[in-house]
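Everything below concerns the one structure shown next.
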Amino acid sequence: MAKYLACGNVLFDSIKKIDGTDIGEHMGGQAMYATSGIRVWSKSVKMVTNCGKLDFPNVYLPWLKANGLTDEGVNYEQDWTAHVCMQHTESGAYKTGRLDSGLVYDTYLQGMMELRMEQIEANIDADTVAIYHHPHIPDTVYFNKIEKMRKKYGVRFMYELVYGSNFLPEPYFNLNKLKDAVKIAGLWSLNRNEAQILFDIPRDRDDDIIAQLQSFPEFEMCYYRCGSKGAYVVTPDQAVFVPLIDITESVDSMGCGNCSTGTAMAAWCETDGDPLMTGIMAAISAGFNAAQAGPWPVYTAEDEQLAKKLAQEYYQKLSQ
């Protein structure tokens with residue numbers, strides 16, 4: 001029984017800094033980071049993912065247990081979870097590649113781990129309010145299934161865009177298909193690099209990009225991530241900016257986008273659509289995530305109290 005489903009992949013990330021320095025392997029993947037972000041504010045979150053039965057139980061399951069979360073959404077589809085090298089780049093994005101160690105990572109394994117709609121639907125119950133997921137393309141058939149699911153269960157859906165310069169061309173991906181997908185989802189998120197490619201607008205021209213986002217038909221909210229600058233919570237008629245919020249000194253930003261996007265979905269629901277508090281809660285979750293490589297290890301009662309305290313302080317400060 002969970003209010004929020006954080007759906008998608010999990011990975012073992014071997015993270016490299018811009019200069020190539022290896023900072024070690026850690027838990028990762030969109031579903032992992034979204035779960036961790038939502039967990040700052042609620043234990044009623046379920047990670048729904050496909051993974052490997054030989055490595056996932058030794059690392060991920062202890063994290064779920066330590067944070068008071070269920071493993072009922074975990075499906076074992078292969079022997080191994082994907083292990084992948086993630087290297088930060090100067091642009092703020094990252095490159096994905098194979099590991100020198102030869103651990104498992106290939107397109108076959110990644111394909112086998114893709115969630116099917118029936119797996120997501122099987123985890124919806126009477127308590128479910130919203131679902132986070134990151135479909136790799138705005139495929140018409142897939143989003144028609146999402147539309148039927150939303151109507152059947154009355155849930156919200158947060159679509160995190162996955163897009164890059166080497167992404168699938170027409171007819172697999174185009175702006176009209178994306179707009180149709182966003183209309184179905186209602187909630188969605190993208191970052192500056194994705195927006196620059198999508199709209200052919202320089203990434204630092206936030207006002208022009210936000211105008212493009214607000215031209216999308218019938219969306220509820222867009223969480224627009226601007227890297228080290230912060231993020232905007234965009235609705236059809238306003239755009240509220242929230243800067244980064246550090247918990248301690250930032251160590252690694254990998255996963256902050258997934259973490260804050262999942263949180264933005266839950267925060268939007270928890271606050272009845274308050275753009276400012278949504279952005280603040282998302283920024284605080286990202287602050288916890290950036291405080292180390294990989295997700296925050298264990299959310300204690302003190303961590304939860306700190307998050308609430310910071311949320312109130314920043315709300316008062318940014319409301320002025």
Side-chain angles (χ1 to χ4, degrees), residues 5 7-9 30-31 34 91-93 96 107 110-111 114-118 120-121 130-227 231-240 257-258 260-262 264-265 268 273 275 278:
L5 303 184
C7 304
N9 68 17
Q30 288 97 328
S91 70
T96 303
T107 53
Q110 287 289 84
E114 286 297 313
L115 272 179
R116 299 180 295 278
M117 187 56 60
E118 58 267 26
I120 296 174
E121 190 167 348
I131 299 168
Y132 161 95
H133 193 28
H134 55 92
H136 279 75
I137 58 174
D139 182 79
T140 303
V141 172
Y142 197 82
F143 271 86
N144 283 343
K145 292 180 179 180
I146 292 173
E147 184 174 31
K148 290 178 181 178
M149 180 181 69
R150 287 201 62 200
K151 289 179 178 178
K152 181 178 180 180
Y153 297 100
V155 294
R156 283 185 163 114
F157 190 93
M158 168 60 87
Y159 167 33
E160 181 177 345
L161 182 65
V162 181
Y163 192 63
S165 57
N166 61 345
F167 207 69
L168 292 169
E170 293 256 15
Y172 304 100
F173 191 105
N174 59 57
L175 193 54
N176 287 332
K177 290 183 74 170
L178 177 61
K179 288 182 177 181
D180 289 341
V182 167
K183 183 177 178 180
I184 288 170
L187 307 175
W188 75 298
S189 179
L190 76 168
N191 63 35
R192 265 184 164 181
N193 291 324
E194 291 161 339
Q196 176 175 263
I197 299 167
L198 188 64
F199 302 125
D200 193 25
I201 297 174
R203 61 196 300 272
D204 59 346
R205 285 168 49 183
D206 291 334
D207 289 345
D208 292 336
I209 290 173
I210 288 169
Q212 288 292 324
L213 297 175
Q214 289 178 324
S215 73
F216 275 49
E218 299 182 39
F219 74 99
E220 187 175 356
M221 182 269 283
C222 177
Y223 183 63
Y224 177 49
R225 313 186 311 272
C226 297
Y232 291 88
V233 178
V234 181
T235 68
D237 56 6
Q238 61 178 321
V240 176
N258 312 133
S260 58
T261 296
M265 173 194 73
W268 187 257
T278 293

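The first residue in the sequence is number 1, and the count goes up from there.
Y142 and H133 have tilted rings, their planes meeting at an angle from 30° to 60° on a 0 to 90° scale. The aromatic rings of F143 and F157 sit perpendicular, their planes meeting at an angle over 60°, well past the 30° parallel limit.
Minimum heavy-atom separation, I209 to A195: CG2-CB, 3.7 Å. Listed here is the closest heavy atom pair of V234 and F219: O-CE1, 3.5 Å. The two residues D206 and C226 make their nearest non-hydrogen contact at OD1-SG, 3.9 Å. Contact record, I120 with L5: O-CD1, 4.1 Å, taken as the closest heavy-atom pair. Between C7 and A31, the shortest heavy-atom contact is C-CB, 3.8 Å. Across all their heavy atoms, G8 and L115 have their closest contact at N-CD1, 3.2 Å.
Heavy-atom contacts from other residues, nucleotides or ligands closer than 6.0 Å to OH of Y172 number 12 or fewer.
Note that OH of Y159 is 9.5 Å distant from CG of L190, once rounded to the nearest 0.5 Å. Note that NE2 of H136 and NE2 of H134 are 6.0 Å apart. Values are rounded to the nearest 0.5 Å. To the nearest 0.5 Å, atoms CG (L213) and CG (D208) are separated by 11.0 Å. Note: D204 CG to Q196 CD = 8.0 Å, rounded to the nearest 0.5 Å. Note: I210 CD1 to T235 OG1 = 10.5 Å, rounded to the nearest 0.5 Å. Between R156 atom CZ and W268 atom CH2 the span is 8.0 Å, to the nearest 0.5 Å.
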Exercise for review: Could you walk me through whether M221 and M265 pass side-chain contact (heavy atoms from CB on, under 4.5 Å), step by step?
Suggested key: CA-CA 9 Å; M221 182 269 283; M265 173 194 73; over 6 Å; no
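Applying the salt bridge (charged side-chain N to carboxylate O under 4.0 Å, His left out) test to every pair with at least one member in residues 174-188, sequence neighbours left out, gives these pairs: K183-E218.
Between the side chain of S215 and the main chain of Q212, a donor-acceptor pair closer than 3.5 Å is present. Listed for the E194 side chain is a donor-acceptor partner under 3.5 Å among the backbone atoms of N191. Side chain of S189 to backbone of E160: no donor-acceptor contact under 3.5 angstrom is found. At least one donor-acceptor pair closer than 3.5 Å links the side chain of N9 to the backbone N or O of Q30. No donor-acceptor distance shorter than 3.5 angstrom exists from the side chain of R203 to the backbone of R192, with no hydrogens or angles considered.
The aromatic ring centroids of W188 and F216 lie less than 6.0 Å from each other.
Residues L175 and F199 are in side-chain contact: their nearest non-hydrogen atoms beyond the backbone lie under 4.5 Å apart.
Each of K145, K151, R150 was compared with E147 under the salt bridge (charged side-chain N to carboxylate O under 4.0 Å, His left out) criterion, and only K151 meets it.
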